[in-house]
2 protein chains.
Amino acid sequence: MSRAEALSPARLKDAAPLFAALGDATRLGLLVSLCSGGPLTVTRLSGQFDVSRQAITKHLDVLAEAGLVKSARHGRERIWTFEPKRLEDAHQYLERLSREWDVALGRLKAFVET
Amino acid sequence: MSRAEALSPARLKDAAPLFAALGDATRLGLLVSLCSGGPLTVTRLSGQFDVSRQAITKHLDVLAEAGLVKSARHGRERIWTFEPKRLEDAHQYLERLSREWDVALGRLKAFVET
DNA sequence: AAAAAATGCAACCAATGGGTTGCATCAATC
DNA sequence: GATTGATGCAACCCATTGGTTGCATTTTTT
C-alpha cells in the first residue's frame, strides 16, 4: 500500500476484500494457527476445526486471494504460511478511518469554540 | 472488549462479524462519509452512491448490528452517526494477531540461535 | 509394484447477501 | 386537510458462500 493520503474510493475497493477475508471465524482461526503454530499443511490444519478438509482448503484459498497467507508445494504436501504484510495494510486502513474521525471532531470543537 | 489475553475462539466469534461488516466497499464508503461528513440521513447518504436508498438502509443496518454506527429518529428523519468504539475493537484484534506473529518469530529466532 | 498419504478437482446443495421494485406509513408544511 | 418528504416494510431475484461427498492424481513408503 502506497503512502499517507486519505481513504479514496480506490483504497476502499482494495480494503473491502481484505476485511471480507477476515470476516469469518474459521478463517480467523486459521490465521491464529498459522501465526502461532507455524507453517502447516491443510490436513494438519483441518484437524483443529470441525469442518472437512475441503472446506479448509477453500478458506485458505480465500485468505491467499486476500494476500494474508501463501503456500508452497513441498513434495506431496503443500505448506501454508502466514503473510504479515497484508495485515499491516488492514491496520493502516483502520488507522486512517479513525484519523478522519479525529479530524472531524477537531473541526467540530473549533466551530463550537468560535 | 475486555482486556489483554490472546485470541480465544470466543474473541474470534466476536471479531468475525465486525470484520465482515467492514468487508464491503459501499459500507466502508458510508463509514467514511459519516466520519468526515458528520451525522447524515439515509436519503442524503444514498445521494453519494449509485445504489438505491433501500440498499443503503440495509448496509446501515449491517453496520449498526456490528456496532459501527448508531441512529436516532428526529422528527420524520433518522440521523445516522459513526460509532468509534467498535473500530477500536477491530484495531485491537489486528494488534493481537500481529503480536502473536511477533512472539512466534521471537521463538524461532531463539531456537535458531541455540 | 502395491498400498498409503496428501492433495486436487468437480458436482451439488442450502443459506446468505446485495440488489431491486412497489406500496404503506408517518411527519411537516402550505 | 391535502400534499410533499423521509422512512419503513415486504416480496422477489440472482450471485456468492460455506459446506458437503465422491473420485482422481501425485508422492511416499514398504
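First the proteins, then the strands, lettered A, B, ... as listed; each starts at 1.
A donor-acceptor pair under 3.5 Å is absent between the side-chain atoms of Arg73(A) and the main chain of Arg78(A), judged by distance alone.
Here dT26(D) presents its P atom at 14 Å from CZ of Arg78(A), a figure rounded to the nearest Å. Protein atom CG of Leu63(A) is 13 Å distant from nucleotide atom P of dT17(D), rounded to whole Å. To the nearest angstrom, C1' of dG8(D) lies 16 Å from CD1 of Ile56(B). If you take CH2 of Trp80(A) and C1' of dG8(C), they are 12 Å apart, rounded to a whole angstrom. Between Glu77(B) atom CD and dT25(C) atom P the separation is 22 Å, expressed in whole Å. Taking atom CZ on Arg27(B) and atom P on dG17(C), their separation rounds to 9 Å, with Å as the unit. If you take CG of Leu60(A) and C1' of dG8(C), they are 14 Å apart, rounded to a whole angstrom. Nucleotide dG8(D) holds its P atom 15 Å from the NE2 atom of His74(B), rounded to whole Å.
Within the nucleic acid shown, Val42(B) comes within 4.0 Å of sugar-phosphate atoms alone, with no base atom in reach, counting heavy atoms only. Note on Thr57(B): nothing from the nucleic acid sits closer than 4.0 angstrom, heavy atoms only. At the heavy-atom level, Ser52(A) lies under 4.0 Å from base atoms of the strands shown.
No hydrogens or angles were tested; on distance alone, a donor-acceptor pair under 3.5 Å links the side chain of Gln54(A) to the base of dG22(D). A donor and an acceptor atom sit less than 3.5 Å apart, one in the side chain of Arg53(B) and one in the base of dG8(D). Side-chain atoms of Lys58(A) come within donor-acceptor range of the base of dG19(D), with a qualifying N/O pair under 3.5 Å.
Nearest-nucleotide assignment on DNA chain D puts the 5′-proximal partner with Leu40(B), out of Gly75(A) and Leu40(B). Across the interface with DNA chain D, nearest-nucleotide mapping of Thr41(B) and His59(A) shows Thr41(B) to be the residue nearer the 5′ end.
For Lys109(B) and Glu113(B), the salt-bridge test passes: some basic side-chain N is under 4.0 Å from an acidic carboxylate O.
Among dG8(C), dG18(C), dT4(D), the nucleotide with an atom closest to any side-chain atom of Arg76(B) is dT4(D). When distances are taken from the side chain of Arg73(A) to each of dG18(C), dG8(C), dG19(D), the shortest belongs to dG8(C). When distances run from any side-chain atom of Ala55(B) to the nucleotides dT7(D), dG19(D), dG19(C), the shortest one goes to dG19(C). Nearest to the side chain of Val51(B), among dT20(D), dA6(D), dG19(C), sits dG19(C). Here dG18(D) is the nucleotide among dT7(D), dG18(C), dG18(D) with the atom lying nearest to any side-chain atom of Asp24(A).
Under a hydrophobic-cluster definition in which Ile, Leu, Val, Met, Phe, Trp and Tyr are linked whenever side-chain heavy atoms come within less than 4.5 Å, directly or via other members, Val69(B) and Ile79(B) are assigned to different clusters.
Residue-environment remark: CD (Glu95(B)) exceeds the threshold of 12 foreign heavy atoms within 6.0 Å.
A parallel orientation is assigned to the rings of Phe19(B) and Phe19(A), their planes being inclined by less than 30° (bins at 30° and 60°).
Tested against Asp89(A) for a side chain to side chain donor-acceptor pair (under 3.5 Å), the candidates Arg86(A), Gln92(A), His91(A) yield a single pass: Arg86(A).
The side chain of Thr43(B) places an N or O atom within less than 4.0 Å of a non-bridging phosphate oxygen (OP1 or OP2) of dT7(D).
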